Amino acid sequence: MGLFRKILACQLLAFALTVAADKAYETGFLIVAPDRGFMGNEELRDAFEEYRKQFNAALVFATREETERFLKEGLSQVHAAGAKRVVVLPLFLSLHHPMWKHIETTLSNKTSSLTDLSITISQKHTGTYLISEILSDRLEGLSKNPSKEMLILVAQGARDDQEAALISEDMKRYRAYIEDRYPFAGYMEVALKDRQRGASPWKSLEDALASAQAKKLQPIVVPFDFGWKADGMMSLGARLKSLIQKYGGVFDGQDLTPHPNVALWLAQRSNAHLPITPENLGVVFMPHGANYNWNRRMMDAIGSHQLRYIIEPAFGMGDPFLMERAVRKLEQRGARAIVVVRVFSLESSFREVTEYVLGLQERLGHAGHGHGNHGKPPQRIRTSCALFTLGGVEASPLFAEALLDRALEVSKEPKKETIILLAHGTDDEEANKHWENNLAIIASHMQTVAHLKARHFRDIQFATWREDWPELREKAIHNIRAMVQRASEDGGTAIVIPARTTRGGREEDWLEGLSYVYNGKGFAPHPMFERWVDEQIRIAIAHFNNQPLPAGIISVPKPIHHRHPERH
């Protein structure tokens with residue numbers, strides 16, 4: 001029967017993915033790019049052809065003279081392929097680029113004559129890190145000693161000083177993602193203005209090069225936009241070469257294309273506009289992990305979800321390799337969006353490194369650098385899927401009710417029994433107080449539910465072991481042993497319940513010699529744990545679809561930033 005259910009689930013999933021693919025084509029994407037000349041346009045076409053394997057899309061090159069005509073052709077193309085609505089994706093790194101403004105104006109003034117379809121102009125900046133990763137790749141062959149270098153990013157197209165300043169400011173957003181990896185002594189963004197009478201179009205770049213020279217820094221120059229590139233000789237890179245050499249700059253002429261991340265960037269932005277459903281959402285299930293028995297219990301705990309959702313495990317403490325491995329498997333299984341569900345006691349646990357690896361955070365704190373190679377930040381995951389992470393059990397009522405069930409399983413005379421909740425804890429005082437506050441809320445909820453069930457316990461107490469820090473742990477062990485002893489006085493009984501995601505911990509070692517009743521099963525497997533995981537997935541679907549939280553969600557942890565997240 002189990003095998004039949006799995007086969008049936010796979011067949012239903014395959015059917016659902018086919019239906020989802022058909023629905024995806026109801027949204028057409030109009031990719032609008034500046035005219036770059038033959039070579040630049042062909043490089044964008046190559047990226048577009050890879051991208052369009054998944055989408056109903058058309059590529060439009062904008063020119064001053066015939067933008068309206070080319071927009072109409074593109075809209076007709078996606079309409080003919082089944083589009084009922086159109087999302088316009090600007091293939092520009094700055095929305096202050098004058099050609100993009102021209103396109104936007106044309107769409108605003110001419111939409112009714114261009115198409116009957118509803119048009120949305122995308123303002124979502126998803127996938128920004130993918131373009132920054134192109135910059136990182138370019139720098140790998142150029143930068144030798146960032147502490148003695150200045151990075152100069154160069155864009156084209158500005159018509160005046162105001163536009164140049166705005167475009168330069170936009171470029172900072174992209175280089176912010178690589179500052180951890182390339183800590184240059186200086187950074188400058190230069191937006192070249194179009195040639196004007198009596199003025200050199202290269203003056204702003206020459207000023208930047210002179211500034212680097214004056215500071216005794218070697219300039220590292222990278223053209224950083226979709227600029228002019230008629231052929232190998234008639235391109236921005238070819239024109240800048242001699243000027244950069246004059247100032248001793250390092251420059252190889254490469255701009256953003258060709259590079260596979262351009263197609264991924266378009267795809268990730270497109271997926272952010274498509275409906276995300278249980279059939280096309282990938283779930284990375286990320287508990288701490290331990291031995292096979294521990295890991296198996298966690299997988300058994302979500303057995304029913306594996307028939308309803310596309311789930312891949314990545315047990316560990318935000319390990320970048322394991323996350324990428326899970327993401328690749330989810331891509332193969334048809335995911336358009338992926339959520340990493342972090343199954344830890346605190347919401348802050350391993351959030352920072354997870355968000356960094358998913359490109360949701362620009363920089364990584366010092367503690368997260370251990371996840372990379374030789375102390376460097378880890379590599380980000382390059383994927384076409386829209387990405388998100390959430391988790392942290394915190395003081396969930398579902399957790400509280402599961403722990404109450406653990407106590408009730410071993411309870412005999414509640415009026416004489418004291419439930420003692422014991423959690424891992426951490427070394428940071430603020431974070432540990434936050435953890436203890438969660439335990440207080442859990443204890444209160446357990447007491448309320450117990451009363452409703454006519455089970456009136458003498459008391460519910462709590463503490464943290466702070467178990468990875470010997471000095472703090474020894475003090476905690478002393479205090480907790482005293483707590484257990486007091487609960488056993490006057491004919492009482494201590495019921496020790498680990499407040500953990502599943503069975504584990506060293507309660508039996510550290511409480512050796514004391515009298516108490518123990519149930520160490522933890523949160524999972526338990527129906528309330530299944531419900532908690534389901535809530536996280538439903539919250540993620542609402543997030544991807546820009547919808548309010550679905551009905552029935554009973555607890556959503558608020559992000560709490562701590563210096564040291566828990567380790568277990």
Side-chain angles (χ1 to χ4, degrees), residues 19-34 44-45 47-62 67-97 99-131 170 226 261-277 279-281 334-338 359 383-388 540-547:
V19 173
D22 290 341
K23 286 188 173 295
Y25 268 70
E26 293 181 359
T27 300
F29 293 95
L30 196 66
I31 312 302
V32 290
L44 291 183
R45 284 188 201 279
F48 174 77
E49 289 304 317
E50 185 63 30
Y51 151 82
R52 74 178 300 187
K53 292 175 182 177
Q54 301 181 59
F55 302 94
N56 175 9
L59 175 62
V60 170
F61 292 104
T67 293
E68 183 178 341
R69 170 192 162 193
F70 300 142
L71 288 172
K72 193 166 188 175
E73 288 178 355
L75 290 165
S76 297
Q77 183 180 329
V78 296
H79 194 184
K84 295 181 179 179
R85 66 195 71 86
V86 175
V87 176
V88 177
L89 292 181
L91 196 52
F92 291 80
L93 298 195
S94 171
L95 298 187
H96 293 103
H97 193 289
M99 185 54 72
W100 167 246
K101 292 179 181 178
H102 170 63
I103 295 165
E104 203 170 19
T105 300
T106 303
L107 286 169
S108 300
N109 295 339
K110 303 284 186 177
T111 295
S112 58
S113 61
L114 292 174
T115 182
D116 294 330
L117 300 172
S118 65
I119 293 180
T120 300
I121 297 176
S122 174
Q123 299 295 331
K124 295 187 177 183
H125 294 294
T126 53
T128 297
Y129 79 98
L130 289 167
I131 296 298
D170 283 347
F226 298 111
N261 275 23
V262 176
L264 291 177
W265 185 50
L266 288 173
Q268 195 175 104
R269 293 167 71 197
S270 298
N271 279 324
H273 287 278
L274 293 176
I276 299 303
T277 67
E279 291 76 28
N280 61 24
L281 174 68
R336 285 192 175 274
I338 293 174
T383 177
S384 62
C385 294
L387 299 168
F388 182 52
I541 291 173
H543 165 82
F544 285 121
N545 292 324
N546 292 315
Q547 294 174 343

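Count residues from 1 along the sequence. Since we're looking at a predicted model, the values are computed, not measured.
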Task: Inter-residue atom distance Ile119.CD1 - Leu30.CG, 0.5 Å rounding - done: 7.5 Å

- [ ] Apply side chain to side chain contact (heavy atoms under 4.5 Å, CB included) to the pair Leu75 and Lys72, showing each step before the final yes or no.
- [x] CA-CA 5 Å; Leu75 290 165; Lys72 193 166 188 175; 5.7 Å; no

TODO: Grab the two heavy atoms, one from Ala335 and one from Cys385, that are nearest each other, plus how far apart they are.
DONE: O-SG, 3.2 Å

Open item on the list: Measuring from atom CG of Leu281 to atom NE2 of His543, what distance do you get when rounded to the nearest 0.5 angstrom?
Closed with: 10.5 Å

Task: Where Val60 and Gly74 come nearest, the two heavy atoms and their spacing - done: CG2-CA, 4.1 Å

Open item on the list: Just checking His79: does its NE2 atom have more than 12 heavy atoms from other residues, nucleotides or ligands closer to it than 6.0 angstrom?
Closed with: no

Task: Leu266/Phe29 under side chain to side chain contact (heavy atoms under 4.5 Å, CB included): CA gap, chis, key distance, verdict - done: CA-CA 10 Å; Leu266 288 173; Phe29 293 95; over 6 Å; no

Task: Glu49 and Arg45 ion-paired at < 4.0 Å - done: no

Open item on the list: For a side chain to side chain contact (heavy atoms under 4.5 Å, CB included) check, start with the C-alpha distance between Tyr51 and Val262, then their side-chain angles and the critical distance, and finish with the verdict.
Closed with: CA-CA 9 Å; Tyr51 151 82; Val262 176; over 6 Å; no

- [ ] Determine, stepwise, if the pair Leu59 / Arg52 fulfils side chain to side chain contact (heavy atoms under 4.5 Å, CB included).
- [x] CA-CA 9 Å; Leu59 175 62; Arg52 74 178 300 187; over 6 Å; no

Task: Spatial distance of atom CD (Glu73) from atom CG (Leu114) [nearest 0.5 Å] - done: 11.5 Å

TODO: Give a yes or no on whether the backbone of Thr277 and the side-chain of Asn280 come within a donor-acceptor separation of less than 3.5 Å.
DONE: yes

- [ ] Fit a plane to each ring of Trp100 and Phe92, take the angle between them on a 0 to 90° scale, and name the class: parallel (under 30°), tilted (30 to 60°) or perpendicular (over 60°).
- [x] tilted

Open item on the list: Just checking Lys101: does its NZ atom have more than 12 heavy atoms from other residues, nucleotides or ligands closer to it than 6.0 angstrom?
Closed with: yes

TODO: Specify the closest pair of heavy atoms between Val32 and Val88, including all atoms of both residues, with the distance to one decimal.
DONE: CG2-CG1, 3.8 Å

Task: Phe61 CZ to Ile31 CD1 distance, which is reported to the nearest 0.5 Å - done: 11.0 Å

TODO: For Gln268 and Ala386, indicate whether the former's side chain and the latter's backbone hold a donor-acceptor pair under 3.5 Å.
DONE: no

Open item on the list: I'd like to know if the side chain of Glu68 reaches the main chain of Thr106, judged simply by a donor and an acceptor atom lying under 3.5 Å from each other, with no hydrogens or angles considered.
Closed with: no

Task: Rounded distance (nearest 0.5 Å) linking atom NE2 of His96 with atom CG of Asp170 - done: 5.5 Å

Open item on the list: If I compare all heavy atoms of Ile103 with all of Ala62, which pair ends up nearest, and what's the gap?
Closed with: CD1-CB, 3.4 Å

Open item on the list: Closer than 3.5 angstrom, by distance alone: can the side chain of Asn56 be matched with the main-chain N or O of Val78 as a donor-acceptor pair?
Closed with: yes

- [ ] Would you kindly check if the NZ (Lys) or CZ (Arg) of Arg336 is within the cone defined by 45 degrees around the ring axis of Phe55 and under 6.0 Å from the six-membered ring centre?
- [x] yes

Open item on the list: Testing the basics here: between Phe226 and Leu91, what is the closest heavy-atom pair and its distance to 0.1 Å?
Closed with: CD1-O, 3.4 Å

- [ ] Grab the two heavy atoms, one from Pro90 and one from Ser122, that are nearest each other, plus how far apart they are.
- [x] CD-O, 4.0 Å

Task: Interatomic distance, Lys110 atom NZ to Leu71 atom CG [nearest 0.5 angstrom] - done: 11.5 Å

Open item on the list: Under a plain distance cut-off of 3.5 Å, with no hydrogens placed, do Arg85 and Thr27 share a side-chain donor-acceptor pair?
Closed with: yes

